Every structure is written in C-alpha cells, then in structure tokens.
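Everything numeric here is computed off the predicted structure, so don't read it as measured data. Order of listing sets the numbers, starting from 1, for every ligand and every atom in it.
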Amino acid sequence: MELTVQLGDRSYPVFLNDSRSLPDVLKSRFPDRGFALVTNTTLARLYEKKLAGLDRALGPVRHVIDDGERFKTVATWQAVLDTLLCSRLDRQAVVLAFGGGVVGDIAGFAASAFLRGVDYVQIPTTLLAMVDSSVGGKTGVDHLTGKNRIGAFCQPRMVWIDTRFLDTLPEREFVGGCAEVFKYGFIGGAEMFAFVVAGREKILGRDPALLLDAIEKSIRIKAAIVAEDERESSGKRSLLNFGHTFAHALETYYDYDKLLHGEAVLWGMACAVELGLRAGTVPAESRAEYAAFCDHLPRIQLPSRPSAGDLYAGMFADKKAAAGKIRFVLPAQPGTSVLRDDMAKADVLAAIEAVLDRTSP
Ligand SMILES: NC(=O)c1ccc[n+]([C@@H]2O[C@H](COP(=O)([O-])OP(=O)(O)OC[C@H]3O[C@@H](n4cnc5c(N)ncnc54)[C@H](O)[C@@H]3O)[C@@H](O)[C@H]2O)c1
C-alpha cells in the first residue's frame with residue numbers, strides 16, 4: 001500500500017507492507033546514488049541478516065549508535081556526521097534511518113546537516129516510529145535543558161514500513177507505541193475515535209489486520225495534519241501533542257529513566273481527559289464515553305508519587321510553553337480536540353492529582 005504526504009514538490013510516499021524488496025525499491029528510486037545506513041546496536045544485532053542483504057545490494061556506509069534516549073545527543077549526531085564526512089559520500093548521498101524514533105530523529109538531523117542537506121529515508125522499526133516519528137520531518141536531538149531542543153524540519157524522501165519488524169519489538173515498547181495510535185482517536189475525527197474504542201483490545205493484542213488498519217489510519221491522519229501545518233505554525237500540528245504536555249513533565253520528572261515515552265503519553269492522555277472534563281471542553285453528552293474510553297486504556301503504574309506541583313512547574317520548562325502560558329490540547333467532541341492556554345492552575349493540579357490517585361503507589 002502506498003500513502004502520500006502531500007507537500008508540493010517535497011511530497012513523499014509512505015510504503016506500508018509493500019511486496020517489493022527494499023533494496024530494489026531504493027535502487028529504482030535512487031539510481032546511482034551512494035547510501036549510508038544509521039542504526040543502533042540492538043537492531044544491528046537483531047537484523048544482522050537483513051542488513052547484510054542491504055550491504056550486498058547497496059554497499060552503504062554504516063554507522064551504529066548506542067541504544068537509548070540518553071544517546072540522543074549532539075555528540076552522537078556529530079559522530080554520525082563524522083562517519084559521513086570521512087566517507088566517500090557526496091551530496092547525492094541517501095541516508096537510511098533504520099530504527100525507532102531515536103535513530104530516525106538523529107539520522108534525519110544528520111542528513112539535514114551533511115553537506116547542507118542530503119536525502120534520507122525512514123525505515124521505522126517501532127510502532128511509535130511507524131505511526132508518528134517517521135512521518136512529518138521533525139528531526140533532532142535532546143539537550144540538557146530539554147528534549148528535542150536542537151533540530152531541524154527536514155522531510156524524508158520516502159518512508160518504508162514493514163510491520164514484520166514489530167515481531168521482535170518488546171511488549172512494553174509495543175504498548176507505548178499503541179499510546180500514539182490511541183492519541184489519533186482523540187484528534188483524528190469521530191470515525192477514528194470509534195475505531196480506536198472498538199479496536200483497542202485487538203490492537204493491543206497485536207491482531208494483524210486491526211494493527212495494519214490502525215497504522216494506516218494513523219499515518220493518514222498524521223500526513224494530513226503535516227500537509228496542513230508542516231512547521232507547527234497554525235496550531236493544527238500542535239494537536240499531535242495531545243497528552244504530551246503532561247507526558248513531557250512526567251518524563252522530565254523521572255529524568256527520562258523508568259518510563260517509556262509512550263507510557264508517559266498514556267498517562268498524559270488520562271490527565272488531558274481529566275482536565276477536559278473539569279474545564280468543560282468535553283460536552284456533557286460525551287462525558288461518559290470519554291470516561292469509559294480512558295478506563296480501558298492500559299493503566300501505567302508509576303514507580304512513585306510525584307508532586308503535582310512539581311509536574312506543573314515542569315510544564316513551564318517545556319519548549320511548547322509560549323510566553324509563560326501552558327498550552328494544553330484538550331478533548332472536545334469525541335475525535336476532536338482544542339488548544340487552550342487559559343486553564344486555571346487549580347484545575348490542572350486537580351486533574352493531575354486525580355490521575356496520580358489511580359496510577360501511583
Ligand atoms: N520526530 C518526531 O516527529 C517524533 C515524534 C514522536 C517521537 N519522537 C521521538 O522518538 C523517540 C522515541 O521513539 P521510539 O519509541 O521508537 O524509541 P527508540 O527509538 O528508543 O526505540 C525503543 C527501543 O526499541 C528498540 N527497538 C526498535 N525497533 C525494534 C525492533 N523492531 N525489535 C526490537 N527492538 C527494537 C530500540 O533499540 C530501543 O531500545 C523519542 O526520542 C521521541 O522524542 C519523534
């Protein structure tokens with residue numbers, strides 16, 4: 001199946017479970033080009049055979065990074081650039097990002113900077129990367145002052161999704177990826193909301209047909225949002241941050257340790273619904289529907305009980321807090337969300353406390 005991210009002359013295809021072989025497609029779309037492949041230690045080990053096939057077909061320069069968010073740094077990015085710069089590659093190079101969101105973000109950012117920018121291809125291997133980070137062109141690395149604070153908008157030339165990669169994905173990572181699928185239920189329209197409500201159990205159970213459907217629907221929603229607001233300037237793309245304002249505060253609180261991003265997003269989405277119910281953005285007739293939906297989302301157990309005040313303070317440090325105001329994405333009619341920066345501190349704290357009551361020891 002082929003989907004398209006419509007961005008004029010920078011439009012690109014997203015191939016989903018395509019029957020052709022990846023090297024054949026790469027060779028035909030990028031004839032006579034040099035390749036580099038960026039991956040991490042875990043994937044290099046798990047997919048040794050597959051990567052050997054790519055080696056034989058394309059002879060890419062390879063750079064393997066350490067595995068983990070803590071390596072999503074300027075130093076790692078620079079090491080990728082060192083490899084590219086010390087190779088035979090020129091401006092015709094195509095960088096292949098083979099991995100989850102961390103590899104994709106770093107490799108994309110390296111491609112954006114190498115010789116002032118070369119093409120790159122996303123080959124996502126986690127559910128999160130398939131439905132979210134591989135599409136949309138946000139690339140970058142973390143800084144001591146926060147996540148993803150250094151980077152560039154740089155769209156890939158192509159995205160290649162093969163859901164067989166999910167067979168080796170650990171369960172926690174898979175559930176974390178489901179968080180981003182469920183997120184689209186809150187922002188992707190009434191049909192997506194209904195799909196996620198009805199299909200949630202089967203998606204979590206890795207039902208192949210439902211999962212494929214969920215990935216396709218998620219990409220279509222993300223692609224449409226990116227096409228409308230590529231650089232997050234009109235507010236439309238900010239809707240993708242549903243649950244993320246709370247999630248980032250929680251991740252920062254735990255120093256990006258102990259919780260996966262997707263787990264923090266599940267927790268953050270519960271907070272967003274709680275706040276939406278309190279602030280009245282959810283219409284009265286939909287309150288029960290939202291409450292039931294949240295009840296059935298996987299429940300994250302936190303290792304401790306953070307103070308709601310600390311988490312609230314942490315939200316101001318988030319790069320999305322413009323001019324000292326925290327912008328929340330809150331649920332409205334099922335399947336739609338609204339941006340609000342006028343939430344009373346007391347309501348935010350109460351929403352956080354309510355979710356902490358359900359999720360902390
Ligand atoms: N660019 C964007 O628009 C965007 C959007 C959302 C998230 N992100 C970023 O994505 C990152 C999170 O991505 P992620 O959840 O994919 O994390 P990740 O890249 O760290 O991958 C998670 C873990 O799964 C392993 N893994 C990956 N694929 C595997 C497979 N097929 N089999 C077995 N193990 C596998 C990885 O080695 C890693 O240990 C964060 O840095 C976040 O900031 C970026």
Side-chain angles (χ1 to χ4, degrees), residues 5 38-48 50-51 64-73 76-77 97-112 120 122-143 146-156 159-181 183-184 206 215 218-219 221-223 225-226 229-232 237-244 247-248 251-252 256-257 259-266 268 318-320:
V5 182
V38 180
T39 189
N40 74 15
T41 45
T42 304
L43 290 155
R45 182 173 43 77
L46 278 173
Y47 289 98
E48 200 182 335
K50 173 133 200 122
L51 295 181
V64 180
I65 64 179
D66 287 322
D67 186 3
E69 180 76 31
R70 71 181 189 285
F71 297 107
K72 194 174 151 186
T73 58
T76 305
W77 171 71
F98 181 75
V102 169
V103 167
D105 282 9
I106 296 173
F109 187 33
S112 81
Y120 76 103
Q122 290 278 14
I123 309 164
T125 60
T126 63
L127 180 56
L128 179 142
M130 291 177 188
V131 298
D132 194 353
S133 61
S134 66
V135 171
K138 278 191 182 178
T139 71
V141 295
D142 302 335
H143 183 257
K147 238 172 93 101
N148 299 323
R149 287 174 73 94
I150 303 170
F153 283 100
C154 181
Q155 299 292 341
V159 182
W160 178 268
I161 298 178
D162 183 340
T163 54
R164 284 173 301 186
F165 290 131
L166 299 178
D167 293 348
T168 54
L169 190 68
E171 186 59 14
R172 259 186 90 186
E173 297 290 350
F174 180 79
V175 173
C178 287
E180 301 289 355
V181 173
K183 174 187 80 179
Y184 293 113
R206 304 194 186 212
I215 293 171
S218 300
I219 295 168
I221 294 166
K222 173 125 192 203
I225 291 176
V226 169
D229 182 20
E230 184 184 3
R231 290 186 169 242
E232 208 166 340
R237 191 164 178 166
S238 306
L239 295 176
L240 291 166
N241 295 323
F242 186 88
H244 284 59
H248 286 159
E251 287 181 289
T252 309
Y256 298 98
D257 202 23
L259 283 181
L260 300 180
H261 175 68
E263 292 172 333
V265 170
L266 276 172
D318 193 292
K319 69 180 185 310
K320 292 182 177 83

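Between T168 and ligand 1, at least one pair of N/O atoms sits closer than 3.5 Å. At least one N or O atom of K72, backbone or side chain, sits closer than 3.5 Å to an N or O atom of ligand 1. Considering backbone and side-chain atoms together, A129 places no N or O closer than 3.5 Å to any N or O of ligand 1. Residue-to-ligand polar distances keep T139 apart from ligand 1: every N/O pair is separated by 3.5 Å or more. At least one N or O atom of E69, backbone or side chain, sits closer than 3.5 Å to an N or O atom of ligand 1. For a threshold of 3.5 Å applied to N or O pairs, the pair formed by N148 and ligand 1 contains at least one separation below that value. Backbone and side-chain nitrogen or oxygen atoms of F165 are examined, and one is located within less than 3.5 angstrom of a nitrogen or oxygen of ligand 1. The shortest N or O to N or O distance between V102 and ligand 1 is below 3.5 Å.
Atoms of ligand 1 lying under 4.0 Å from any heavy atom of E173, numbered from 1 in the order shown and given with element: 22 (C), 23 (C), 24 (O). Counting the atoms of ligand 1 from 1 in the order shown, those under 4.0 Å from a heavy atom of D132 are 5 (C), 6 (C).
Between the side chains of T125 and Y47, no donor N or O sits under 3.5 Å from an acceptor N or O.
Looking at D67, D162, T39, it is D67 that brings a heavy atom closest to atom 37 (O) of ligand 1.
Counting heavy atoms from C-beta on, the side chains of I215 and V131 come closer than 4.5 Å. Using a 4.5 Å heavy-atom cutoff, the side chains of V135 and V5 are in contact.
Rounding to the nearest 0.5 Å places NZ of K222 at 5.0 Å from CZ of R237.
The single protein non-hydrogen atom nearest to atom 7 (C) of ligand 1 is L128 CD2, 3.7 Å, given as residue, atom name and distance. The protein heavy-atom contact nearest to atom 44 (C) of ligand 1 is D105 OD2, 3.2 Å. In this structure, atom 28 (N) of ligand 1 lies nearest to the protein heavy atom T125 OG1, 2.7 Å. Of the protein's non-hydrogen atoms, the one nearest atom 10 (O) of ligand 1 is G101 CA, 3.3 Å.
With a 4.0 Å cut-off on non-hydrogen atoms, L169 touches ligand 1 through its backbone as well as its side chain. Of all the heavy atoms of L46, the ones lying under 4.0 Å from any atom of ligand 1 belong exclusively to the side chain. The residue H244 has no part lying near ligand 1, judged by heavy-atom distances below 4.0 Å. If you look at N40 next to ligand 1, the close heavy atoms, those under 4.0 Å, all belong to the side chain.
A heavy-atom separation below 4.0 Å is found between P170 and ligand 1.
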